[in-house]
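Below is one structure, written out as structure tokens; the observations come after it.
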Amino acid sequence: MRLELAFYPTDIAVNSDGVTLFGYTTDNKKVAVIDSTYLPYFFIPSAKLEDFLAKCKEHNLQIEHFERLGELAKLYVRPIDMAHAAAFARNLGVDSFSADLPLRAHYWNAKGIKPLCLCKATGETVTIKDFKVDIVISTERIECVDAQLQDPNIVAFDFETASARGYPDPEEDAIILAAIYSKNFRKVLTWKRFEKAPDYVEFVNSESDLIDTFIKTLRDIKPHILVGYGSDNFDFPYLLARAAKYNSPEVLNWDNSALEIGKRKNLHVVGPIYFDISRFVRNILGLDMDQYKLDAVSKRLLGKGKRAILTAKRINEMWSVGLPEELALLAEYNLVDAELACELCSKVLPVELELAKLIGLPLQNINSATYGTLVEWFIIKNSKSPIPARPTTAEMFLRRRRSYQGGLVVEPEPGLFRPILAFDFRSLYPTIIASHNISPETMNCTCCGQQRGFSVEELGLWFCTKNEGLIPQVVKDLIDRRKRINDILQQTNPTDASFSELMARQHALKYVAAALSGYFGYAGSRFYDFNCARAITALGRRYIQLVIKEAEKFGFKVLYGDTDGIFVQPLRKEADAKTFLLIINSVLPKPMELEYKSSYLAGLFFGKKSGAGGAKKRYALLTESDNLILRGLEAIRGDWSAIAKKTQREILHIILSENDVDKAATHLKTVLTDLKQRKIPLADLAIPGRLRRALSSYAIISPRVAAAKLAEEKGYGTGRRAVVNYIIKTGTGKISDRVALAEDSTPEDYDIEYYTEHQVLRAVYKIFEAFNYDLEKLKGGQTTIQGY
DNA sequence: TATCCCTACGATGTCG
DNA sequence: CGACATCGTAGG
């Protein structure tokens with residue numbers, strides 16, 4: 001039977017039959033749309049064609065057909081043979097193009113499909129026994145309409161396990177609770193019955209029942225998006241391990257295949273859009289967070305966290321004791337985790353959907369993408385040429401060894417200044433690319449030659465002034481679109497429904513534009529170009545120097561500058577920001593633009609710790625609304641004790657806002673006295689330590705390494721990036737020999753001298769030094785360390 | 001297979 | 001004790 005289907009696509013799978021798109025019809029039926037005509041292709045140099053074909057024949061690799069297109073030949077293979085063909089070319093040392101693109105992503109990208117945006121397909125209905133969907137058709141043509149599904153059904157889930165040890169082991173420890181949450185559905189499954197259970201609790205007979213009921217429920221409530229927090233690393237692998245124990249018959253995938261864990265541990269659920277939202281939070285959104293625990297991330301993005309924090313030990317205790325009110329608490333705890341995951345997903349979904357549309361990838365890929373992936377596919381989508389292969393490991397190694405100069409940083413004069421004006425370039429590097437047509441194919445063109453092209457003399461490079469390159473074209477598009485959105489945003493009320501959506505769109509464009517410039521210099525890039533990368537930064541330095549020169553001519557004293565922005569102090573009354581912008585922007589080539597960022601009541605630039613002069617990338621500002629903005633200082637670092645951070649912040653506020661150094665000193669004195677009297681709570685003394693590598697690989701045993709060793713001895717998972725809170729104990733010898741885990745310590749243990757000299761005073765002495773304030777007086781001359 | 005780039009600071013350990 | 005290496009974190 002011939003059917004015309006309108007459906008919202010959610011997922012894509014590739015197998016020997018071709019490509020299958022999955023989705024929901026407008027009346028919410030599950031559909032599979034098979035494109036059996038799909039024949040992927042790749043390119044090799046025409047000169048190698050004969051050889052390649054001969055060798056393919058030898059090894060029984062079937063080339064469906066091929067065409068010669070000048071220098072390159074285009075070869076078509078069945079989807080299932082694509083990976084072989086790519087590996088084959090690589091082994092033969094033949095340069096291939098478009099051969100190593102993952103087919104799921106490439107098909108989606110090339111067809112311009114957008115997740116949850118209506119697609120139309122006409123074709124014959126097919127019966128496939130294994131498919132757990134309502135309708136299957138086979139089609140030759142898929143057409144996208146832009147209408148996006150409003151209010152998709154987002155379903156979040158979360159498991160709790162009970163383990164007597166620190167970390168649950170799927171061999172030993174059961175799943176005790178499973179929560180499923182969406183806007184109008186909530187359920188917690190558990191196999192230990194208790195009285196007066198909340199109405200969302202459903203009792204099952206065993207863990208095995210729990211697993212089956214969980215999967216069945218997920219199938220029945222038809223999620224457009226299925227989401228977990230940390231689910232790629234914990235919940236799903238755990239579920240798989242436990243389900244295997246019971247030979248569970250229930251399957252989540254719509255094509256009835258088993259769930260598979262991919263190369264980067266990411267899991268593909270066939271059918272709905274499934275992703276682990278923590279990946280997006282970590283990779284794209286939250287580059288500046290210490291840790292990405294659900295609680296911390298929720299607080300930051302949603303303004304609310306968990307209602308309670310339960311340790312694994314406590315959960316185990318509550319479960320084994322089994323008091324009804326405590327089991328009810330566990331159920332609630334479980335549900336809240338799923339609820340937060342669901343709300344996080346709702347919150348970031350607009351940005352993810354925008355990126356998906358802009359870049360042309362399934363939402364699953366967007367969610368787990370890094371900046372590199374986003375940019376790569378954005379270029380692929382816009383490129384009409386064959387796509388260069390990913391570099392080999394050897395090539396990446398070579399590329400990494402070559403580095404180039406980056407942005408210019410101007411050393412500040414240390415001290416307090418007021419007031420301060422701040423200017424910065426709007427998207428410096430992207431606008432340089434657009435202004436000067438920076439792209440590999442426009443570099444050192446013969447049509448212009450050095451004389452007529454735009455020249456970067458110091459590098460001996462020039463860029464075409466006649467034909468626009470691919471990268472400048474797409475960057476311009478990004479810049480224009482973002483500017484249009486920002487203009488609308490300016491006139492939109494923040495409470496308007498459209499505001500957050502515009503904001504999301506604007507963010508998506510910003511992310512891609514910002515990463516694009518770095519992508520030229522990225523060793524793993526398909527479009528790597530060393531000279532383009534260094535031309536961009538060289539021009540960046542040229543323009544910030546121009547701005548500095550003009551600012552000084554205009555009547556500003558330039559206090560500090562870093563890469564794309566400057567801080568100045570007006571030297572004469574008429575030297576106002578607006579007039580300066582008019583002058584400088586008339587000199588700058590479009591779309592380059594200097595913007596006035598803000599004015600600050602005061603700014604303190606720190607002196608270098610050793611040697612004279614000011615420290616770069618370390619300063620404090622006071623906004624006109626009396627808020628502190630701190631950059632580079634201990635107070636905003638993740639590896640300092642709370643007491644040092646708090647004290648630094650408080651003292652800066654007293655000095656910048658109240659201009660009262662004596663008051664600041666008095667405050668410092670109370671902190672030091674409290675320290676001496678062991679009145680500081682342990683939580684304020686704990687120093688968070690984290691390692692980026694495996695514990696065994698360290699040549700130097702720093703305090704944080706020592707702390708990680710202690711944590712490991714106690715059986716904690718000290719995986720890379722795990723945070724271990726430690727304190728420094730009283731004693732003699734190296735600091736790293738005096739490390740203790742914070743959780744094993746009491747306020748009696750901490751070393752008063754270390755916390756005084758190495759934490760609190762280290763964080764504040766440069767502030768007092770700027771006012772020639774003698775801290776010795778304050779301490780009663782008891783210091784053993786020089787230099788304060 | 002690595003996860004975007006370069007610039008910069010400071011803490012601590014190691015070694016001569 | 002000073003110079004240098006190792007390491008993590010931050011700015012833009």
Side-chain angles (χ1 to χ4, degrees), chain A residues 100 263-264 279 282-284 287-290 368-376 389-397 399-400 402-411 424-425 427-429 511-525 527-528 530 532-534 536-538 540-541 544 560-566 606-611 614-619 629-640 687-693 697-706 720-721 723 728 733-739 754 757-759 762-763 766 786:
Chain A
D100 61 347
K263 277 180 208 159
R264 290 170 302 173
R279 287 181 183 269
R282 186 185 303 265
N283 292 341
I284 306 296
L287 290 171
D288 53 347
M289 285 199 67
D290 295 352
S368 61
T370 59
Y371 279 101
T373 316
L374 294 184
V375 173
E376 177 175 88
R390 281 264 176 99
T392 60
T393 317
E395 174 64 20
M396 284 176 64
F397 180 77
R399 288 177 180 182
R400 248 184 259 283
R402 228 169 24 147
S403 72
Y404 56 95
Q405 203 182 336
L408 178 78
V409 190
V410 181
E411 186 185 306
D424 58 14
F425 278 102
S427 308
L428 176 67
Y429 292 158
Y511 290 138
V512 177
L516 230 156
S517 358
Y519 191 66
F520 277 133
Y522 165 44
S525 165
F527 305 93
Y528 178 83
F530 184 70
C532 283
R534 53 209 277 262
I536 294 167
T537 53
R541 295 191 296 277
I544 195 72
Y560 175 63
D562 188 348
T563 311
D564 65 349
I566 56 167
F606 279 61
K608 264 209 178 92
K609 184 179 178 255
S610 55
K616 296 167 176 175
K617 302 189 192 277
R618 284 173 65 83
Y619 57 89
I629 294 180
L630 307 182
R631 291 286 122 96
L633 303 181
E634 288 75 12
I636 53 169
R637 291 180 62 98
D639 53 357
W640 279 73
I687 301 167
R690 57 206 315 239
L691 305 181
R692 301 160 66 99
R693 309 198 309 252
S697 71
Y698 284 86
I700 302 248
I701 310 302
S702 58
R704 66 184 70 206
V705 174
R720 286 184 268 232
R721 292 170 179 274
V723 178
I728 303 301
K734 281 184 301 202
I735 296 171
S736 53
D737 290 337
R738 294 189 277 129
V739 166
Y754 173 82
E757 302 289 340
H758 291 247
Q759 291 283 326
R762 283 278 161 96
K766 279 284 164 192
Q786 297 182 332

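Within every chain, numbering begins at 1; the chains are lettered A, B, ... in the order of the sequence lines, protein sequences first and strands thereafter.
- Between C:dT9 and A:R704, a contact under 4.0 Å exists linking OP1 or OP2 to a side-chain N or O.
- Across all strands shown, A:S403 has heavy atoms under 4.0 Å from sugar-phosphate atoms exclusively, and none from any base.
- Across all strands shown, A:G518 has heavy atoms under 4.0 Å from base atoms, whether or not it also approaches the sugar-phosphate.
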Find every protein N or O atom lying less than 3.5 Å from an N or O atom of nucleotides 14-16 of chain B, and list the pairs.
residue: B:dT14; atom: OP2; partner: A:K734; partner atom: NZ; Å: 3.1

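- Closest contact between the side chain of A:K609 and the listed nucleotides C:dG12, B:dA11, B:dT12 involves B:dA11.
- At B:dC4, one or more side-chain N or O atoms of A:T370 fall inside 4.0 Å of OP1 or OP2 (strictly under the cut-off).
- Remark: the backbone N or O of A:S368 is not paired with any side-chain donor or acceptor of A:R279 at under 3.5 angstrom.
- Under the 6.0 Å distance and 45° angle rule, A:R693 counts as a cation-pi partner of A:Y698.
- A sub-4.0 Å separation between OP1 or OP2 of B:dT3 and a side-chain N or O of A:R400 is present.
- Looking at heavy-atom distances under 4.0 Å, A:P391 makes no contact with the nucleic acid at all.
- The side chain of A:A615 has B:dC9 as its nearest neighbour among B:dC9, C:dG12, B:dT7.
- The residue A:S736 sits close only to the backbone: its heavy atoms come under 4.0 Å of sugar-phosphate atoms, none of a base.
- Residue A:V409 places its side chain closer to B:dA8 than to any other of C:dG11, B:dT12, B:dA8.
- By the 30° and 60° cut-offs, the orientation of the rings of A:Y519 relative to A:F527 is tilted.
- Residue A:G524 is classed as having no contact, given no heavy-atom separation below 4.0 Å to the nucleic acid.
- Using a 4.0 Å heavy-atom cutoff across all strands shown, A:E634 reaches no nucleic acid atom at all.
- Within the 4.0 angstrom heavy-atom criterion, base atoms lie near A:K617.
- Using a 4.5 Å heavy-atom cutoff, the side chains of A:Q405 and A:R541 are in contact.
- Across all strands, A:R279 comes closer than 4.0 Å to no nucleic acid atom at all (heavy-atom distances).
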Review point. Dot-bracket for DNA chain B, 5' to 3', with Watson-Crick and G-U pairs under 3.5 Å, [ ] for crossing pairs and | for other-strand pairs: what is it?
Key: ....||||||||||||
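- Counting non-hydrogen atoms under 4.0 angstrom, A:Y519 reaches nothing in the nucleic acid.
- For A:F397, the side chain to side chain contact (heavy atoms under 4.5 Å, CB included) partners two or more places apart in sequence, or in a different chain, are A:R401.
- For the OP1/OP2 pair of C:dG12 and a distance below 4.0 Å, the side-chain nitrogens and oxygens of A:Y619 include at least one atom meeting the criterion.
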